[in-house]
Asks: 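First the structure, then my questions, so here it is.
Residue numbers run from 1 in the order of the sequence given.
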Amino acid sequence: MAFFPCSMWTAARITLYSLVLLFVICIPVTGFASPYATLAGNETVVIDDVELWRAINLKNHAVPVSLTDLSQLFAHANTLNASLTNQSGAYLARLTLTNSEDRASSRFFRINANFVDIGLGFWQSDQTTSLHQVDFSQHHDTDNPKLMHAQVFELTLNPNESGELWLYIKADHYAKPLTLKIISSQHFFQQLFMTNALTIFSIATMLALAIIALALYIKTRLTVTLACSGYIGLHGLGWAAASGLIDDLFNIQVINTTYLGMILFPFAIAAACQFTKLLFNMNYHRKSWAKLFNYVALACIFFGVVTPFVPFSISFAIAHIIAVLWVPLAILTGFKMMIFNDFRAKYYLIGNILYGASLIYYMLSHSPLLPAASQAELVVLVALAADCICILLSLATWLQHKKQDYSRAYSQARIDPLTHAGNRHALNEALAKLPKHYLVCFIDYDGVKTINDKQGHGKGDELLQFGTQLMNEAFRGEGDIFRTGGDEFICLFSLNSANQFTPTIQNIKQMITDCQVRLHEKWPTSGISYGIASSLESANQSQCLALADQRMYQQKRSKKTI
């Protein structure tokens, strides 16, 4: 079955799918909500209004510090048409708030923006002339609640107080001021716990899985495990950065760590390409597929190296284009492998379908098609954690089959195919494990050549098979039998002490005699010659083997002289 690089129709479908998703990304977001909010009870007010925000020319202003600065900037600002591909810059919003209650009301203001270099809130009450300022930027939000995927600050309004709230956001590379939520304390801390718990759990899950895959690589030295570790680990580190977790944990002032998620993403997909290629053994069975994934990995590495040196709006777009192209490629690969009944494809396909569905939801949440969607980043993160679990399960399935194949090959390499006794490789391993006291018994079946010449080699093989079966039944696990070639066999007996030599030798002789009687009943012209030597009679194993061999030939010659 041809893969899609060779199918123009499949390639066209992927291109069309990618263009549709890119179109959805770039659709401008518009809204008609009023920039006024009345605060009452525990209700949550959502202001999803692009008209609320104004874009400011960075060349003509500094950070506002007074009401006059804010008013002048707002008067000369431009209406913002925001979308997922929003450009970088500074933005200003003005919102009229009224507390309709007869008691003080504390509210949390959540700005749905991850990448905030400077975030300032200014409260101008109608009852006072002072201007209250709060800082919710990435570097100066230490006094604010730590909410992943967003910036938050708290504002308390006096009974029946009203006024204007000014919001100023600036990002050197990208800002996404789309949604403002005004949340009561009761609802906010519920959201805080749920959002942070799911985020930390998902990231911790990915990092733990990456460590497991890395440990497997250290143990097995299989490249597929290293690629899996990179795939999962880079996604985990990227989301730890993009969600704000790294900044909240370490409060790094040198750079805004939330940008690192988009910079790490191309490298994560490059690792995913290599993992997919190695997981399905494409280098051996589907070389055209392997070339495709190599090219995609190289392109991702190139963009990953480039992204730190271009405006973040471009890096953001590059990462999302890679995602738009990667998800259908991964899903199509999973479907193709399912068609081929590949045992690894089940978990791989399920994980990528979950991840792809979450990305579609994420993109639609930034378009008019699904404007009320919230927690889009959290949905993607949880789905990605589930995807990583599926990826590790696919790797575990691969390793399990690999282990079974290895055990089968290892066993076959050490078992004689005719008699199913151990071969010379197995004998050498057994000799290396012998204790201090042991016995060696050389066995040779008489008359095999005559039977081969008169009745055919098939009958001679039957004799050897029957004789090996008799020996296994006679020794009952007390000794290990190995075929060293032709009609010659070696039996090894491990002893616990020197006192066991004499009785064990007598038992061996009796067992071989019993076997010879039964063998002679079926094969009258056959017999068994043997020689026994002990570790007490020799300085090493080689001498012991040679002595047993010598005694076996002495017995065989004595039979011919009779």
Asks: Quick one: closest heavy-atom pair of A345 and M337, and the distance?
Replies: CB-CB, 3.4 Å
Asks: Output a table of donor-acceptor pairs, distance under 3.5 Å, between side-chain atoms of residues 227-240 and any protein atom two or more places apart or on a different chain; print 'none' if there are none.
Replies:
residue	atom	partner	partner atom	Å
S229	OG	A210	O	3.0
Y231	OH	D387	OD2	3.3
H235	ND1	Y231	O	2.8

Asks: For K146, does the NZ atom have more than 12 heavy-atom neighbours from other residues, nucleotides or ligands under 6.0 Å away?
Replies: yes
Asks: Tell me yes or no: between the side chains of E154 and S106, is some donor less than 3.5 Å from an acceptor?
Replies: yes
Asks: Holding to side chain to side chain contact (heavy atoms under 4.5 Å, CB included), I want the full list of residues that pass it with K346, two or more places apart in sequence or in another chain.
Replies: M338, I350
Asks: For the atom pair CZ (R110) and CZ (F188), what is the distance rounded to the nearest 0.5 Å?
Replies: 8.5 Å
Asks: Start with the C-alpha gap between N144 and V152, add the side-chain angles, then the distance that decides, and say whether side-chain contact (heavy atoms from CB on, under 4.5 Å) holds.
Replies: CA-CA 7 Å; N144 298 328; V152 179; 5.6 Å; no
Asks: Pick out which of T225, T223, L395 makes a side-chain contact (heavy atoms from CB on, under 4.5 Å) with F275.
Replies: L395
Asks: According to side-chain hydrogen bond (donor to acceptor under 3.5 Å, both in side chains), who are the partners of S66, at least two apart in sequence or on a separate chain?
Replies: D69
Asks: For a quick test of reading the model, state the closest non-hydrogen atom pair linking I301 to A270 and the distance between them.
Replies: CG1-CB, 3.7 Å
Asks: Using side-chain contact (heavy atoms from CB on, under 4.5 Å), reason through I182 and L97 one step at a time and then give a plain yes or no.
Replies: CA-CA 10 Å; I182 306 174; L97 298 177; 3.7 Å; yes
Asks: Got V134 and L155 here, is their nearest side-chain heavy-atom distance under 4.5 Å?
Replies: no
Asks: Look up atom CE in M262 and atom NE2 in H320, then write down how far apart they are to the nearest 0.5 Å.
Replies: 4.5 Å
Asks: I'd like to check the side-chain hydrogen bond (donor to acceptor under 3.5 Å, both in side chains) partners of W123; sequence neighbours left out, ordered by chain and number.
Replies: E161
Asks: For S315 and T307, indicate whether the former's side chain and the latter's backbone hold a donor-acceptor pair under 3.5 Å.
Replies: yes
Asks: Between CD of E101 and CG of L157, what distance do you get to the nearest 0.5 Å?
Replies: 10.0 Å
Asks: Going by heavy atoms in the side chains, are F109 and L165 under 4.5 Å from each other?
Replies: yes
Asks: Quick one: are T333 and M282 in side-chain contact, heavy atoms under 4.5 Å?
Replies: yes
Asks: If the condition is side chain to side chain contact (heavy atoms under 4.5 Å, CB included), which residues does A323 pass it with, not counting sequence neighbours?
Replies: F265, L359
Asks: What are the two closest heavy atoms between T98 and S162, and how far apart are they?
Replies: OG1-CB, 3.6 Å
Asks: Might you point out which heavy atoms bring W326 and C273 nearest each other, and give the distance in Å?
Replies: CZ3-SG, 3.7 Å
Asks: Are Q124 and R94 close enough that some pair of their side-chain heavy atoms sits under 4.5 Å apart?
Replies: no
Asks: Could you check whether any side-chain heavy atom of Y355 comes within less than 4.5 Å of a side-chain heavy atom of S358, counting everything from C-beta outward?
Replies: yes
Asks: Roughly how far, to the nearest 0.5 Å, is CD1 of I389 from OG of S394?
Replies: 12.0 Å
Asks: Does anything in residues 191-215 form a side chain to side chain donor-acceptor pair (under 3.5 Å)? List the pairs, not counting sequence neighbours.
Replies: H149-T199, T195-Q375
Asks: Run the ring-centre check on F280 versus W289 and record whether the distance is less than 6.0 Å.
Replies: no
Asks: Could you list the residues that satisfy side-chain hydrogen bond (donor to acceptor under 3.5 Å, both in side chains) with T397, not counting sequence neighbours?
Replies: none
Asks: Applying ring pair (Phe, Tyr, Trp, His ring centres under 6.0 Å), name anything that partners F136, two or more places apart in sequence or on another chain.
Replies: F153
Asks: Among V327, V296, I269, which residue meets the side-chain contact (heavy atoms from CB on, under 4.5 Å) test with I322?
Replies: I269
Asks: L226: which residues meet the side chain to side chain contact (heavy atoms under 4.5 Å, CB included) condition with it, sequence neighbours left out?
Replies: L214, Y217
Asks: If I compare all heavy atoms of L92 with all of L70, which pair ends up nearest, and what's the gap?
Replies: CD2-O, 3.6 Å
Asks: Distance check, rounded to the nearest 0.5 Å: L209 atom CG versus C390 atom SG?
Replies: 10.5 Å
Asks: Is the number of heavy atoms from other residues, nucleotides or ligands within 6.0 Å of OH (Y295) greater than 12?
Replies: no
Asks: Tell me, please, which residues at least two apart from L198 pass side chain to side chain contact (heavy atoms under 4.5 Å, CB included).
Replies: M194, L378, V382
Asks: With sequence neighbours left out, what residues match N283 under side-chain hydrogen bond (donor to acceptor under 3.5 Å, both in side chains)?
Replies: none
Asks: Filter on side chain to side chain donor-acceptor pair (under 3.5 Å), then keep only pairs touching residues 273-282, sequence neighbours left out; what's left?
Replies: Q274-K277, Q274-N294, T276-Y348, K277-N294
Asks: Got a sec: does the NE2 of H187 have more than 12 other heavy atoms crowding it under 6.0 Å?
Replies: yes
Asks: Can you see which heavy atom on A55 is nearest to which on Y91, and at what distance?
Replies: CA-CD2, 4.0 Å
Asks: Are any of the side-chain heavy atoms of W166 and P64 separated by less than 4.5 Å?
Replies: no
Asks: Look up atom CG in L192 and atom OG in S185, then write down how far apart they are to the nearest 0.5 Å.
Replies: 11.5 Å
Asks: Is any side-chain heavy atom of L279 less than 4.5 Å from a side-chain heavy atom of I391?
Replies: no
Asks: Using side-chain heavy atoms (C-beta onward) and a distance below 4.5 Å, is V116 in contact with I111?
Replies: no
Asks: Check step by step if side-chain contact (heavy atoms from CB on, under 4.5 Å) holds for D247 and N256.
Replies: CA-CA 8 Å; D247 179 71; N256 188 340; 5.7 Å; no
Asks: Run the numbers on L381 and I203 for side-chain contact (heavy atoms from CB on, under 4.5 Å), then give the verdict.
Replies: CA-CA 8 Å; L381 182 55; I203 293 173; 4.2 Å; yes
Asks: Is the backbone of I331 close enough, under 3.5 Å, to the side chain of N352 for a donor and an acceptor to pair up by distance?
Replies: no
